[in-house]
Amino acid sequence: GAPVAAATAAMPASALVAHNGARPGMPRFIAFGSDVFDVTADERSFGPGAPLERLCGSECSAELLAQLPASPGDAALDWLEASRRKEELRRLLLGKYPRVARLEPR
């Protein structure tokens, strides 16, 4: 995995954009909230022509959450459900990809 120091380094959105996969040799990064992940090794999902390639170099929490199947429930609990799903997806990403930085707020 990535060194702890790198995982706490701040990355401006302008630097994240450079990791969109367009430049050969540059790693592909995505941001989910404030966490920046290196998804370079996942060619099947984020590589050239892959279904999620367009998300590289961007903060993509809304897009990733939208791809999860909706769960029927009480509309009053929607905000709680959305928060729970976002945290579950964050944990999944943390378990699958190296976290390399935190995204600086705009």
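Each residue takes its place number in the sequence, starting with 1. Just the heavy atoms: all of them, side chains too, but no hydrogens, waters or symmetry mates, feed the values below.
Looking at E81 and R84, a side-chain N of the basic residue comes within less than 4.0 Å of a carboxylate O on the acidic one, giving a salt bridge. A salt bridge is defined here as a Lys NZ or Arg NE, NH1 or NH2 lying under 4.0 Å from an Asp or Glu carboxylate O, and R90 with E87 meets this definition.
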Do R28 and H19 pass the side-chain contact (heavy atoms from CB on, under 4.5 Å) test, and can you show the C-alpha distance, the side-chain angles, and the key distance before you say yes or no? CA-CA 5 Å; R28 287 184 186 89; H19 294 276; 5.8 Å; no
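A distance of 13.5 Å separates CZ of R54 from CG of N20, quoted to the nearest 0.5 Å. We find the CZ-CZ distance between F32 and F37 to be 8.0 Å, quoted to the nearest 0.5 Å. For the atom pair L64 CG and K86 NZ, the distance stands at 10.5 Å (nearest 0.5 Å). Rounded to the nearest 0.5 angstrom, L52 CG and R44 CZ are separated by 11.5 Å.
Checking D38 against Y97 by side-chain atom types alone, no donor-acceptor pair falls below 3.5 Å. The closest side-chain donor-acceptor pair between E63 and S61, if any, does not fall under 3.5 angstrom.
Here the shortest heavy-atom pairing between I30 and C60 reads CB-SG, 3.9 Å. In plain terms, the two heavy atoms of L16 and A31 that are nearest each other are CD2-CB, 3.7 Å. Heavy-atom minimum distance, R99 versus D35: NH1-OD1, 2.6 Å. When all heavy atoms of A101 and M11 are compared, the closest pair comes out as CB-CB, 4.0 Å. Residue C56 comes nearest to V39 through the heavy atom pair SG-CG2, 4.2 Å, listed as atom of the first residue, atom of the second, then distance. Closest approach of A22 to P24, counting heavy atoms only: O-CD, 3.6 Å.
Under the 4.5 Å side-chain heavy-atom criterion for ILVMFWY residues, a single connected hydrophobic cluster contains both L92 and F46.
Judged purely by atom type and a 3.5 angstrom limit, S45 has no side-chain atom pairing as donor or acceptor with the backbone of D42. Formation of a donor-acceptor pair under 3.5 Å by the E59 side chain with backbone atoms of G33 is found in this model.
At least one side-chain heavy atom of F29 sits less than 4.5 Å from a side-chain heavy atom of V100.
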